[in-house]
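Computed from a predicted structure; not experimentally measured.
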Number of protein chains: 2
Amino acid sequence: MGKQMTEMLKGTLEGIILAFLAARPAYGYEITAWLREQGFVDIAEGTVYALLVRIEQRGLVDVEKVPSEKGPPRKVYSLNDAGRGDLEEFWTTWGFLTERLAQLKQGGR
Amino acid sequence: MGKQMTEMLKGTLEGIILAFLAARPAYGYEITAWLREQGFVDIAEGTVYALLVRIEQRGLVDVEKVPSEKGPPRKVYSLNDAGRGDLEEFWTTWGFLTERLAQLKQGGR
DNA sequence: TACCAGTAGATAGTAACACTGAATACCGGG
DNA sequence: CCCGGTATTCAGTGTTACTATCTACTGGTA
């Protein structure tokens, strides 16, 4: 899709993935496939991996290498306490934004 | 506010300003002040001006210089047809994102 | 055997965007 | 005459997602 979506994903994609990991641990390939199912058909695989590296470096997830029946070992990420804190902050920020935008869309102040 | 907001604004701030200009023409300083009223207290002035330059260069707005009683002349921006088209696209993209995020927040899917 | 498709991850380079910080310009009042 | 408020501009920075490519392992097939 368009450039608009690309720009809008900056900042939100991380939240989306944290929210997904809050439900259950997962690995990169799996997350990418899920995103495509959700309609984010144009998110590049490389993007997801890069993002996972970032959130790992910031200590928001725990990582475990799990051998796969097919292909190289999977890196399974699970949200830790720091990650849950970050996710909560994300929802707060997101909530503020959606509220403002909803008002704007109604033409209202 | 935090870095999260900064990143989330990428892509949306432009939509916010286009939406504002859809209601009535305005100039940079005015838009900045309005944003602060809306609670976006930490959006730098430079950011708004840079954004206005960008949307002007993309031909989404018409510009008119209007002398001010105080200070240098104002650059008043008004949304044109191209801008209205872009704004519509923005709402579509935004709608898609909010829908996905709302589902995610409900723990659903 | 040799090759390909599917699974899984890593990485170097690029573009876009918001931020910081400063500079410029114009006006009125103390 | 300088200072504070109005108004715009600009150079430099950091973060993020994209593109494109590379590695690695498995199973099926020609």
Any sub-3.5 Å donor-acceptor pair from B:Q4's side-chain atoms to A:F90's backbone N or O? yes
Whole-Å gap separating C1' (D:dG14) and CD (B:Q4): 16 Å
Residues A:V76 and A:P25: closest non-hydrogen pair is CG1-CB, 3.8 Å
Test: A:R24 and A:E30 ion pair at under 4.0 Å: yes
Rounded to whole angstroms, how far apart are CZ on B:R74 and P on C:dT24? 23 Å
Side chain of A:E7, heavy atoms from C-beta onward: which of D:dA7, C:dC19, C:dA16 has the nearest atom to it? C:dA16
Which part of the nucleic acid, if any, lies within reach of A:L52 when heavy atoms closer than 4.0 Å are counted: base, sugar-phosphate only, or nothing? nothing
In whole angstrom, give the distance that lies between atom CD of B:Q57 and atom C1' of D:dT9. 13 Å
Near DNA chain D, which residues from residues 58-67 of chain A have a heavy atom under 4.0 Å away? none
In whole Å, I'd like the distance from the CD1 atom of A:I31 to the C1' atom of C:dG9. 12 Å
Rounded distance in Å - CE (A:M8) to P (D:dT15): 23 Å
Side chain to side chain donor-acceptor pair (under 3.5 Å) against A:Y27, all qualifying residues, sequence neighbours excluded: A:R74
Out of C:dC19, D:dT15, D:dA17, which has the shortest distance to the side chain of B:I43? C:dC19
Atom OH of B:Y49 and atom C1' of C:dC19: how far apart are they, to the nearest Å? 16 Å
From C:dA18, C:dA8, C:dA10, pick the nucleotide closest to the side chain of A:K75? C:dA10
Check if the side chain of A:K10 and the base of D:dT15 share a donor-acceptor pair of N or O atoms closer than 3.5 Å. no
Please determine if B:R58 and B:E14 form a salt bridge, counting it only when a charged side-chain N lies under 4.0 Å from a carboxylate O. yes
Would you give the length of the straight line joining atom NZ of A:K105 to atom OG1 of B:T98, rounded to the nearest 0.5 angstrom? 7.0 Å
Shortest non-hydrogen pair, A:N80 vs A:G59, comes out as ND2-O, 3.1 Å
C:dA16 C1' sits how many Å from B:R54 CZ, rounded? 7 Å
Looking at every heavy atom in both B:A19 and A:L104, which two are closest together, and how far apart are they? CB-CD1, 3.8 Å
Whole Å only: how far is the CE atom of B:M5 from the P atom of C:dA18? 13 Å
Closest nucleotide of DNA chain D for B:E30 versus for A:L9: which of these residues is on the 5' side? B:E30
Short N/O separations, protein against nucleotides 19-28 of chain D, under 3.5 angstrom:
none

Pair A:F20 and A:Y77, ring centroids less than 6.0 Å apart: no
